[in-house]
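Below: one structure, written as structure tokens.
Note on naming: letters A, B, ... go to the chains in the order of the sequence lines (proteins, then strands), and numbering restarts at 1 for each one.
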2 protein chains.
Amino acid sequence: MTVTYEFPRPNLAVDCVVFGLDEEDLKILLIQRAIPPFEGRWALPGGFVQIDETLEEAALRELREETGMQDLFLEQLYTFGAVGRDPRERVVSVAYYALVNLGDHEIEAATDARNAAWFSVDDLPQLAFDHTEIVQTALKRLKGKVIYEPVGFELLPRKFTLTQLQRMYEKILERPIDKRNFRKKILGMGLLQELDEVQVDVSHRAARLYRFDEKKYRRLRQRGFNFEI
Amino acid sequence: MTVTYEFPRPNLAVDCVVFGLDEEDLKILLIQRAIPPFEGRWALPGGFVQIDETLEEAALRELREETGMQDLFLEQLYTFGAVGRDPRERVVSVAYYALVNLGDHEIEAATDARNAAWFSVDDLPQLAFDHTEIVQTALKRLKGKVIYEPVGFELLPRKFTLTQLQRMYEKILERPIDKRNFRKKILGMGLLQELDEVQVDVSHRAARLYRFDEKKYRRLRQRGFNFEI
DNA sequence: TTGACTTGGTGTCTGTTTTACACTATCATA
DNA sequence: TATGATAGTGTAAAACAGACACCAAGTCAA
């Protein structure tokens, strides 16, 4: 099955920057390419957009096919259209990004991918295509976004401690935050629900657990509340 | 000359939201379509991306061809990829936006456009395709951006009064701003160069003229200075 | 069982920023 | 020379941001 057009068209692709967080680092999900070009090289999960699916559908499909990941919230990042970014032919790629909790998702390599794995953002391998630039753009955007929207909760497990939350902000913003000021501010926003539970299996005083109260968030957001950190 | 591909491909387009400002209103540049679909309907300037040009080059070319506008700074806005957004066939469109001073640019309708004209953003005609959605997205972005970057100067003539500057912020942000606080803040940033000139031909006390000092802006920006309004 | 270690949890003070607010100055024109 | 239009200016109060240090609770090992 082939198609004929009057003028040549760029091929249209999507790429996904999926962020995760563990105790150590902010991480990104990469796949190892099983086919040329850049066979064997690590790359962002992604692929070509089919004629009858939206861009976001394409991104979700490729993520599922290549990494087994499902049900995540994608946000559009930027569209990369440099003429030589793919050595085969003209490819324009719409990049998306997502935040996930590492524990919630089992990854599994599949179609077109030899392997899928998490890499610390400050220790990435050499990437295929212009994917290093895409990752840089995503990091910048995440950093910019986390300041004025409580967006990072998706990186944490549903129940978390204030210290975990603070570490997350410190990792994304790449600067230390004062513990007392942070707690004052974040509790003052009224977005956290204090639970009657504490950490278990820790070899020191157990910290209280909290969870993100999405209802309160939506209420406050509607009123134009300011979530700056 | 035709081309044949193994799989169908979306057609790739660009669209431009060009903002301008006059004494009355924030405006947007529209063209009246000379060809179907939506013949005669007003639409954003834009068109298909050629195989050997970048997205931004395509946007600049279309602007020049359709409106005569040249030499403007485009910033990528968002990529619109809904499946039925163009009635003819699948078209994915990368939207750009720009700010210009109305006085600096003569517009002239050309290729594919019957006419080109400025429309007040709160009195737009019915637009072709999903262009109303694109305009809404651009307005939201402009509003978000103007708060933390001194971006609006491009909307004003090179020499302007503080009142003109304040009116611009009020029009974009859609809220009144206190005159004294505004002046304190904006002068405190050190981005404005006070000129030895005042308005002429006004039937009241003439206001001092200022201009935007791009050098100072770049210096401050490098140091991570905060330009919040 | 006690002491050392680890992380949790808390309040105050100070300087800065933001906001609210009203009158005089200058110029043109009638 | 009076009127009308816009320019230009300062202060006080409140809110916010940032710096800073110690005790509490639990685990573990001697």
Practice item. Decide yes or no on side-chain hydrogen bond (donor to acceptor under 3.5 Å, both in side chains) for A:Arg85 and B:Thr54, but give the supporting numbers first. Key: CA-CA 11 Å; A:Arg85 54 181 297 282; B:Thr54 64; over 6 Å; no
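- Checked against a 6.0 Å centroid threshold, the rings of A:Phe160 and A:Tyr210 do not count as neighbours.
- A:Thr163 comes within 4.0 angstrom of the backbone, heavy atoms only, and of no base.
- Using a 4.5 Å heavy-atom cutoff, the side chains of B:Leu124 and B:Thr132 are not in contact.
- Here the P atom of nucleotide C:dT7 and the CG atom of A:Asp201 are 16 Å apart, to the nearest Å.
- Using a distance-only test at 3.5 Å, with no hydrogens or angles considered, a donor-acceptor pair links the side chain of A:Lys171 to the main chain of A:Asp22.
- Ring-plane geometry between B:Phe80 and B:Tyr78 is classed as perpendicular, the angle between the planes exceeding 60 degrees on a 0 to 90 degree scale with a lower cut at 30.
- Aromatic ring centres of A:Tyr217 and A:Phe153: separated by at least 6.0 Å.
- Bounding nucleotides for the chain B contact on DNA chain D, 5' to 3', at a heavy-atom distance below 4.0 Å, are D:dA5 to D:dT11.
- Summarising the local packing, NZ of B:Lys159 is surrounded by 12 or fewer heavy atoms from other residues, nucleotides or ligands at distances under 6.0 Å.
- We find that CD of A:Glu197 is positioned 17 Å from C1' of C:dG8, with the value rounded to whole Å.
- The CZ atom of A:Arg205 sits 8 Å away from the P atom of C:dT10 (whole-angstrom rounding).
- In this structure a side-chain-to-backbone donor-acceptor pair under 3.5 Å is missing from A:Gln199 to A:Arg208.
- Distance, B:Asn226 CG to C:dT16 P: 16 Å, rounded to whole Å.
- For B:Arg208 and C:dC27, the CZ to C1' distance is 15 Å, given to the nearest whole Å.
- A heavy atom closer than 4.0 Å to some atom of DNA chain C occurs in B:Asp178, B:Arg180, B:Asn181, B:Lys184, B:Lys185, these being the qualifying members of residues 166-191 of chain B.
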